[in-house]
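The structure under discussion appears below in the form of structure tokens.
Being a predicted model, the structure only gives us computed values, none of them experimental.
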Amino acid sequence: MQTVFLLMAQYEGRAIVPAELIVRDYFTHLTRDTFLRRVAEGKIELPLVRMDSSQKSACGVHVADLAAYLDRRRSQAKREQGLQN
């Protein structure tokens, strides 16, 4: 099953997943602010969608971008462990 469909089910069909939920589910070792800073620095390759031009506006990640990120991380892990793709 494709990752994007699994994420759509997990996040109840949301197109944009709030940053707080992504941190809670996938970056438990980071705070929300640290996550946002690392994304801004390019250390976490996820495009953030801001609902407004303000830095304080709500932000999240499009479900397709999150799926692509998770798939890239999986592929990298498999390569590092010498497993087939």
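- Side-chain atoms of Thr31 and Val23, non-hydrogen and from C-beta on, never get closer than 4.5 Å to each other.
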Just distance, no hydrogens or angles: give the donor-acceptor pairs under 3.5 Å from side chains in residues 5-21, sequence neighbours left out.
residue, atom, partner, partner atom, Å
Gln10, OE1, Tyr26, OH, 2.9
Gln10, NE2, Asp25, OD2, 3.2
Tyr11, OH, Asp25, OD2, 2.6
Glu20, OE2, Arg32, NE, 2.5

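- How far OG1 of Thr3 is from CG of Leu70: 6.5 Å, rounded to the nearest 0.5 Å.
- Using modelled atom types, no side-chain atom of Thr34 and backbone atom of Leu30 make a donor-acceptor pair closer than 3.5 Å.
- Considering all non-hydrogen atoms of both residues, Cys59 and Leu36 come closest at SG-CD2, 3.7 Å.
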Show me the donor-acceptor pairs, under 3.5 Å and distance only, between side chains in residues 38-50 and residues at least two apart or in other chains.
residue, atom, partner, partner atom, Å
Glu41, OE1, Lys43, NZ, 3.4
Arg50, NH1, Gln55, O, 3.2

For this session: Kindly determine whether Arg79 and Gln76 satisfy side chain to side chain donor-acceptor pair (under 3.5 Å), including the steps that lead there.
Result: CA-CA 5 Å; Arg79 279 192 309 273; Gln76 180 181 0; 5.4 Å; no
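- Every side-chain contact (heavy atoms from CB on, under 4.5 Å) that Asp52 has, sequence neighbours left out, goes to Ser54, Ser57.
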